[in-house]
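Shown next, in structure tokens, is the structure this report addresses.
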Amino acid sequence: MEINLVDYKGRKVIAVTGDIDMYSSPELREALMSFTQKKIPSIAVDFNKVSYIDSSGIATFVEGLKIMKTYGGRLQFFGIPKGIMEIFRFSKLDKVFEIYGSIEEAEGN
Amino acid sequence: MEINLVDYKGRKVIAVTGDIDMYSSPELREALMSFTQKKIPSIAVDFNKVSYIDSSGIATFVEGLKIMKTYGGRLQFFGIPKGIMEIFRFSKLDKVFEIYGSIEEAEGN
Amino acid sequence: MNNSVVVTIPSHPKYLSVVRDITAGIGKVNGLADSIIGDIKLAVDEACSNVMKHAYKGETDKKILLKYKVTKRSFKLTIEDKGTKVNMENMKGRDLEDIKPGGLGIHFIKRVFDVFELDEKKKSGNRLILIKYLKEK
Amino acid sequence: MNNSVVVTIPSHPKYLSVVRDITAGIGKVNGLADSIIGDIKLAVDEACSNVMKHAYKGETDKKILLKYKVTKRSFKLTIEDKGTKVNMENMKGRDLEDIKPGGLGIHFIKRVFDVFELDEKKKSGNRLILIKYLKEK
Ligand SMILES: Nc1ncnc2c1ncn2[C@@H]1O[C@H](COP(=O)(O)OP(=O)(O)O)[C@@H](O)[C@H]1O
Ligand SMILES: Nc1ncnc2c1ncn2[C@@H]1O[C@H](COP(=O)(O)OP(=O)(O)O)[C@@H](O)[C@H]1O
């Protein structure tokens, strides 16, 4: 897994490449928490290059979302591959996370 | 591994996709022999999508070349990926096989 | 035909990717569809993650033994550890409506495997039995 | 640290792709460069192909046991079979100048592994020991 922190029109984007599993998710957690500690109001996660996610990766995002909600922040996902979308749907998390097709779409919302 | 038999300007092209190993090479051998049995004068092999080749795959091509030489046929390779080219070079087969960058280049020779 | 593959890995999370590769490879070799392979891969990852987290409590130098047996009828896998004994009643995921971190692994395993069972005969450690039926009988 | 992975596969050529995936996965997990992983993958494939062809003479339902052990210093692998006993003198590739089908496998193995040895102590079957040193001492 590789994490790239990108700025898109002043918004913080976490672009993840590769597999998110119990081995790599602590690094993702660190990136996410570095933003939530600063109470960044809006964080977008680019899923386009995510090849795999397991429950530890999902737990990391649920934890991040819970923290952001305490300060009124928004966590947006975009570019989720089909297989991963199915897992979110099965876990009933498609109703919990804000999910968009693209960064432009996320930005407009 | 997947094999596609293509005609390019009247020339027979064997386009191979995936891994050539001891499990898949018999299928490659069959394709090659179906041409050599008909004494097809010129066969080109498209390596662009070959992800892997082991000694059984190489043996198959050496066998094909030997047969083609008996009737004055020509076996041409093109689009060989870097890693596979290294193996041919190590095996001193880069001097034995006709190797080209593209099908156009093979055709012009 | 002998179609079984046996693998021992250390209980370190970095080996989960190796487990996924092996699982996918065995699925492919046996002609399973990509979508089923994806689901099985996730389930096996979750089962091994659970052994690392719960049975071995994060110790990374213990052993996990996986035995795959694939036939036309079923994809069978047993996962053995020498960690703390667990019983089936404690192997429960969270309520899916109760959104919180964790508690999804067992759901992902049961989503694809028809059988999810602990071998009661195992004396020390655990042997989890997972079976997915590939055809209706 | 316990860094060893043990795998048993059937002696059927369709499992060679699984062996390649495992080998590549173990290389990656241990931080080896992609080019070295590619070379090792080919060598391990060739060694297993040889067991299938020569030690087991094409029988596809026998067992091949692979033990990987990676440290900072070396990538070590032993390959065991219960087939016909072989001796080192017969493990010779062809002259590279003498172009003919076959006889390249051993060359591909020795190209990347520094040690290529049979365990003399093994009573029945064979145990091939392959070691690649990763750093100069
Ligand atoms: N291999 C195991 N050994 C011991 N306990 C386990 C094992 N697998 C699951 N459990 C128990 O089942 C619970 C639910 O597991 P799971 O759904 O994977 O969620 P999580 O691991 O995130 O808690 C765990 O919290 C644990 O108590
Ligand atoms: N595992 C093995 N068991 C028995 N004989 C072997 C084994 N590996 C190699 N050999 C012998 O070494 C020779 C050279 O092997 P190799 O270079 O792989 O070429 P090939 O297998 O194409 O003949 C083989 O022909 C065989 O006689």
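Numbered from 1 within each chain, the chains take letters A, B, ... in sequence-line order.
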Proximity breakdown for [X] and chain C, heavy-atom pairs closer than 4.5 Å:
{"X": "A:Lys92", "value": "both"}
{"X": "A:Leu93", "value": "side chain"}
{"X": "A:Tyr52", "value": "side chain"}

message: Assess whether a salt bridge exists between C:Asp81 and C:Lys62, defined as any Lys/Arg side-chain N lying under 4.0 Å from an Asp/Glu carboxylate O.
response: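 No, no charged N to carboxylate O under 4.0 Å.
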task: Verify the neighbour count for atom CZ of C:Arg127: are there more than 12 heavy atoms of other residues, nucleotides or ligands below 6.0 Å?
output: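 Counting other residues, nucleotides and ligands, CZ of C:Arg127 exceeds 12 neighbours.
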- request: Please check if the side chain of A:Asp19 supplies one atom and the backbone of A:Asp21 the other of a donor-acceptor pair under 3.5 Å.
  value: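 Such a contact is absent between A:Asp19 side chain and A:Asp21 backbone.
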task: Evaluate the side-chain proximity of C:Lys132 to C:Leu130: yes if any heavy-atom separation is below 4.5 Å, no if none is.
output: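 In short, these two side chains do not touch, never coming nearer than 4.5 Å.
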task: Name the option with the most non-hydrogen atom pairs under 4.5 Å to chain A; the candidates are C:Leu96, C:Leu42, C:Leu16.
output: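 Among the listed options, the one with the most contacts to chain A is C:Leu42.
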